[in-house]
Amino acid sequence: MAKAPLPDKFKQFGEWYDLVSEKAELADVRYGVKGFVVFRPNLMHVIREIYEALERHLIASGHRAMLFPLLIPYKNLLVEKEHVKGFENQVFSVEKAGGEELEERLFIRPTSETAIYPMYALWIRSYRDLPFKGFQSCAVYRHETKATRPLFRGREFLWVESHNVFAKKEEAEAQLKEDMEITRKTFEEFALPFLPIEREPFDRFPGAERSLAYDVILPDRQVLQSATTHLLGKRFTAPFGVSFLSADGQRVVPESTCFGPGVSRIAALVVSVHGDEYGLVLPFKAAIVQVVIIPIRNEPALLEYALSLEKKLAHAGYKVKVDEGSETAGEKFYHWEMLGTPVRIEIGPREAESKVLTVTRRDQRKRESVPEDALLNRLASLDQEILGELSKKAWGWLESNIQEASSKDDLLAKAKGAGGFIKFTFCGREECARDIKAQTGGYEVRGRRVDIDEKHAASCTWCGEKGVELAYLAKAY
RNA sequence: GGGGUCGUAGUCCAGCUUGGUUAAGAUUCUCCCUUGGGGUGGGAGAGACCGUGAGUUCGAAUCUCACCGACCCCA
């Protein structure tokens, strides 16, 4: 068999990713502005499906869609001190319009707190207005100075941002759990794993009281943060003047949370986590074409049979396409494998004669024979099987890349090794985290897991001070 | 912030050291024939103001300077 078109993603992830992005026609980097790429139709399909899933789960849990303007008055940025510090060096600003200097300077949202909270201050008047749960699906803009890579880090990225307001702290705390659940359900639909990790106090979103992040290990064993949710307390509601009258007539400043699943990054995960040396591997939900039918020769009888099958599958609700192109069969196989199409049906004289079809699943690249009258049942089971097996494989990779360090020496040795997560007992001190990062060549303290309770030792594995938690270390994007 | 590499068809790139005919090749795209169950083979055609600007020269993709852009490494 011929050589695979792509390198091994576990050995040369950067090269693999750039090539698959080009060959599967995902992103086009030729637009010519650094950090800004064009999303092509194959990628937009994945993006739209991710949006569809996130929005469905948000709405089912009581959120409502909104859309705030892209441009925000500059003075709004100055309202919350920590927030300004975090973003002022990253914002794009607009000073002119129609050739004239603007009376009021505007900036392009790097995130929308400063656009949303002034309006919340107008909308929220009574305890009856709470909880207020809203979200918007949009692009945000940050002038990143680090190296950019399509979908992983750009100066424009797509996300959903949810901004919720609650009367009571417990309700806000509970929202963090709900956000985690929404992330879990969405990721499940794309067979993606993640670890929910609470960030250390010194590593929070500017202005947050608590920050949870959803970390995934990529094929190069570096960690990618795909989404975050933050407990903001009164950090934004108070300075922006959001308050309400309680049932007993008291003026109260409410609590708030925000949740930001990075849609471009989740798409990058679908590509990176499932793909192989033949290209993308997509679950049914993410595929723009779910079943491709390939007539092995350009003969009218074969084409006719292929089209009748297409009609049958389309009627059953599948996204199906007959490849009528003039390329040879082998060329078409490679093409559709690169695009990650989950199922391929080959139609040759044998199939047309016997009505027993040759069906190939993309994830395993294995052929099987399926009688035509059993095809719909088989496709339905393949949908679930492929999703299940992709998920199992993805979780297996994540879990097999978590190690635990028993001592400082052990930690140093493991840090020199393959990468991935290293668990250790942490004292919680920023100084200690800085020291670890400096001495391990870039391992950062990500924080502690919130989905399970993990026992920690009495003293910090690194510095020997009192241990407070079992924390995860990793090199991050 | 510091250091380095590179800009030539849609894509990958040769040529530059030592200036000189029509800028070579592969891939891609179009058409014809052939082939077809894992990237068939052949033929014809299309596609490049050689990143931009200036300088040196009889003559610049090639030498010089400036600018713009991209990529990589280190902090």
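Source: prediction; values computed, not measured. Reminder, nothing fancy here: chain letters follow the sequence lines and each chain counts from 1.
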Salt bridge check: are A/E15 and A/K9 linked by an N-O gap of less than 4.0 Å?
no
According to the interplanar angle, ranging from 0 to 90°, do the rings of A/W16 and A/F13 count as parallel (below 30°), tilted (30 to 60°) or perpendicular (above 60°)?
parallel
If you measure from the P atom in B/G47 to the same atom in B/G39, how many Å do you get, rounded?
32 Å
For the residue pair A/H230 and A/F205, does the interplanar ring angle fall in the parallel (under 30°), tilted (30 to 60°) or perpendicular (over 60°) class?
parallel
Taking pairing as Watson-Crick or G-U wobble with both contacts under 3.5 Å, can you name the mate of B/C49, or confirm there isn't one?
none
The Watson-Crick or G-U wobble partner of B/U57, with both key distances under 3.5 Å, is none
Does B/C31 pair with anything, Watson-Crick or G-U wobble, both distances under 3.5 Å, and if so, with which nucleotide?
B/G43
Can you tell me how far P of B/C33 sits from CG of A/N298, to the nearest Å?
12 Å
In this structure, how many angstroms lie between the P atom of B/A70 and the CG atom of A/D18, rounded?
16 Å
Watson-Crick or G-U counterpart of B/G1, or none if no pair lies under 3.5 Å
B/C74
Tell me the interatomic distance from A/L302, atom CG, to B/G36, atom P, rounded to whole angstroms.
14 Å
Nearest to the side chain of A/E337 - B/G37, B/G38, B/G39?
B/G38
Taken to the nearest whole Å, NZ/A/K23 to P/B/U28 is 10 Å
I'd like to check, for A/Y334, whether its ring lies over the base of B/G39 with centroids under 5.5 Å apart and a plane angle smaller than 30°.
yes
Report yes or no: is there a donor-acceptor pair, N or O only, under 3.5 Å between the side chain of A/E327 and the base of B/G36?
no
Between the protein and nucleotides 6-12 of chain B, list the N/O to N/O atom pairs that are separated by less than 3.5 angstrom.
residue : atom : partner : partner atom : Å
B/G10   : O3'  : A/R30   : NH1          : 3.2
B/G10   : O2'  : A/R30   : NH1          : 2.3

If B/G38 has a Watson-Crick or G-U wobble mate with both distances under 3.5 Å, name it; if not, just say none.
none
Please state how far atom CD in A/E331 lies from atom P in B/U34, giving the value in whole angstrom units.
18 Å
Could you work out the separation of B/C74 and B/A66 based on their P atoms and round it to a whole Å?
28 Å
Polar side chain donor-acceptor pair, A/E404 to A/S406, under 3.5 angstrom:
no
Go through the side-chain N and O atoms of A/E88 and A/Y74 and say whether any donor and acceptor fall under 3.5 Å apart.
no
May I ask you to decide whether A/E368 forms a salt bridge with A/K366, counting only side-chain N to carboxylate O separations under 4.0 Å?
no
Using the C1' atom in both, what is the distance from B/C72 to B/C67, to the nearest Å?
22 Å
Take atom P in B/G7 and the same atom in B/C16, then report the distance between them in whole Å.
13 Å
Is A/K34 close enough to B/C71 that one of its side-chain N or O atoms is under 4.0 Å from OP1 or OP2 there?
yes
Is there a Watson-Crick or G-U wobble partner for B/G69 with both distances under 3.5 Å, and if so, which one is it?
B/C6
B/C31 and B/G25, which share atom name P, separated by this distance in whole Å
23 Å
Could you tell me whether a side-chain N or O of A/S391 sits under 3.5 Å from a main-chain N or O of A/L387, the two making a donor and an acceptor?
no
When the distance from NZ of A/K366 to C1' of B/G38 is rounded to whole Å, what number comes out?
17 Å
Using the C1' atoms only, state how far B/A23 lies from B/A60, rounded to an integer number of Å.
13 Å
Could you go over nucleotides 72-75 of chain B and give all protein N or O partners under 3.5 Å, atom names and distances?
none

Please state whether the rings of A/F152 and A/Y17 are parallel, tilted or perpendicular, taking 30° and 60° as the class boundaries.
tilted
Is there a donor-acceptor pair closer than 3.5 Å between any side-chain N or O of A/Q136 and the backbone N or O of A/F68?
yes
Distance under 6.0 Å and angle within 45° of ring axis: A/R448 vs A/Y472
no
Mapping A/H335 and A/I296 to their closest nucleotides on RNA chain B, which lands nearer the 5' end?
A/I296
Rounding to a whole Å, what distance do you find between A/I345:CD1 and B/G37:P?
18 Å
What about A/E351: does its side chain form a donor-acceptor pair under 3.5 Å with the base of B/G37?
yes
A/D323 atom CG is separated from B/G36 atom P, nearest whole Å, by 18 Å
Sticking with atom P, work out how far B/C58 lies from B/C50, rounded to a whole angstrom.
23 Å
Mutual orientation of the aromatic rings belonging to A/F236 and A/F240 [parallel < 30°, tilted 30-60°, perpendicular > 60°]
parallel
With rounding to the closest Å, how many angstrom separate the P atoms on B/A14 and B/A24?
15 Å
Go ahead and name the base partner of B/U62; Watson-Crick or wobble counts if both distances stay under 3.5 Å, otherwise write none.
none
When you measure from the side-chain N and O atoms of A/T328 to the phosphate of B/U40, is any distance below 4.0 Å, counting only OP1 and OP2?
yes
Please check this pair: side chain of A/H274 against backbone of A/L280, looking for a donor-acceptor N/O pair closer than 3.5 Å.
no
